[in-house]
Amino acid sequence: MAGGVVHFEIPADDENRARDFYTSAFGWEFQVMPEMEYSLAMTTPMDETGRPTVPGSINGGLFRRGDLTAPVVTVDVEDIDAALEKIAALGGAVHRAKMEVPGMGWNAYFKDSEGNIVGLWQNAEPGSNPAASSDAAANDIGA
């Protein structure tokens, strides 16, 4: 469903310490992705397609604190390019341009009217390969 919150991200100064904290506090499991300096946080059971099985639940991630210093929520959109254009027209701004997440879709960050950084997510079409799309070369892979 477009417009729903589908992911969260938490910045950390010490990713190992943060993973240990959230594992101990809430039982979260993590998939460390060192090539991206990112850890996926599994907060809820998932089905075979990688979607949460508990209605209303979402998974998230931890990343090295940098220019993003506060937690980020991510909103699902059908067309990330159109969403970024609309956000700019409404007084927001692109914070980080569209980036491909290979085999999954695309994400971006924007700054809202109040200065908050919020994420956007567009799923790849089932069975498609985002890397093969015509605009894949414009994506900032590996950020």
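- At a threshold of 4.5 Å between side-chain heavy atoms, the hydrophobic network of Ile, Leu, Val, Met, Phe, Trp and Tyr places Val73 and Leu90 in two separate groups.
- Between the OG1 atom in Thr44 and the CD1 atom in Ile58 there is a gap of 10.0 Å [rounded to 0.5 Å].
- In this structure, the separation between CG on Asp14 and CZ on Arg64 is 7.0 Å, given to the nearest 0.5 Å.
- Considering only heavy atoms from C-beta on, Arg19 comes within 4.5 Å of Val32 through its side chain.
- In this structure, the separation between NZ on Lys98 and CG on Asp81 is 4.0 Å, given to the nearest 0.5 Å.
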Q: Evaluate the side chain to side chain contact (heavy atoms under 4.5 Å, CB included) criterion for residues Leu120 and Tyr109: first the C-alpha distance (whole Å), next the side-chain angles of each, then the deciding distance (0.1 Å), finally the verdict.
A: CA-CA 6 Å; Leu120 293 176; Tyr109 293 128; over 6 Å; no
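- Connection of Met36 to Leu68 is established within a shared hydrophobic cluster, with ILVMFWY side chains joined at heavy-atom distances below 4.5 Å, either directly or through further cluster members.
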Q | Evaluation steps, side chain to side chain contact (heavy atoms under 4.5 Å, CB included), between Phe8 and Thr74 | A | CA-CA 6 Å; Phe8 67 87; Thr74 299; over 6 Å; no
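- Taking every heavy atom of both residues into account, Ala108 and Leu84 meet most closely at CB-CD1, 4.1 Å.
- Shown here for Ala18 and Ala12, the closest heavy-atom pair between the two residues is CB-CB, 3.7 Å.
- Closest non-hydrogen pair, Leu62 versus Phe30, comes out as CD1-CE2, 3.5 Å.
- Panel note: side chain Ser39, backbone Gly61; no donor-acceptor pair is recorded below 3.5 Å.
- Here the closest non-hydrogen pair linking Arg17 and Asp13 is NH2-CB, 4.1 Å.
- Using modelled atom types, one side-chain atom of Thr53 and one backbone atom of Pro45 make a donor-acceptor pair closer than 3.5 Å.
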(Q) Test side chain to side chain contact (heavy atoms under 4.5 Å, CB included) on Asp67 and Arg96; report intermediate values, then the result. (A) CA-CA 11 Å; Asp67 67 328; Arg96 196 204 65 224; over 6 Å; no
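- Residues Asn107 and His7 bring no donor and acceptor atom of their side chains to less than 3.5 Å of each other.
- The CG atom of Asp47 sits 3.5 Å away from atom OG1 of Thr49, with the distance rounded to the nearest 0.5 Å.
- Under the 3.5 Å distance criterion, the side-chain polar atoms of Gln122 are matched with a main-chain donor or acceptor of Ile80.
- Hydrophobic clustering, with ILVMFWY side chains joined whenever heavy atoms are under 4.5 angstrom apart, keeps Val54 apart from Val5.
- No hydrogens or angles considered: a donor-acceptor pair under 3.5 Å links the side chains of Tyr38 and Glu9.
- Between the side chains of Thr43 and Asn59, a donor-acceptor pair is found at a separation under 3.5 Å.
- In this structure, the ring of Phe110 has its center no less than 6.0 angstrom from the ring center of Trp121.
- Taking 4.5 Å as the limit, some side-chain heavy atom of Met42 sits within range of a side-chain heavy atom of Leu40.
- Between Arg65 atom CZ and Ile10 atom CD1 the span is 10.5 Å, to the nearest 0.5 Å.
- Between Val75 and Val6, the closest side-chain pair of non-hydrogen atoms is not below 4.5 Å.
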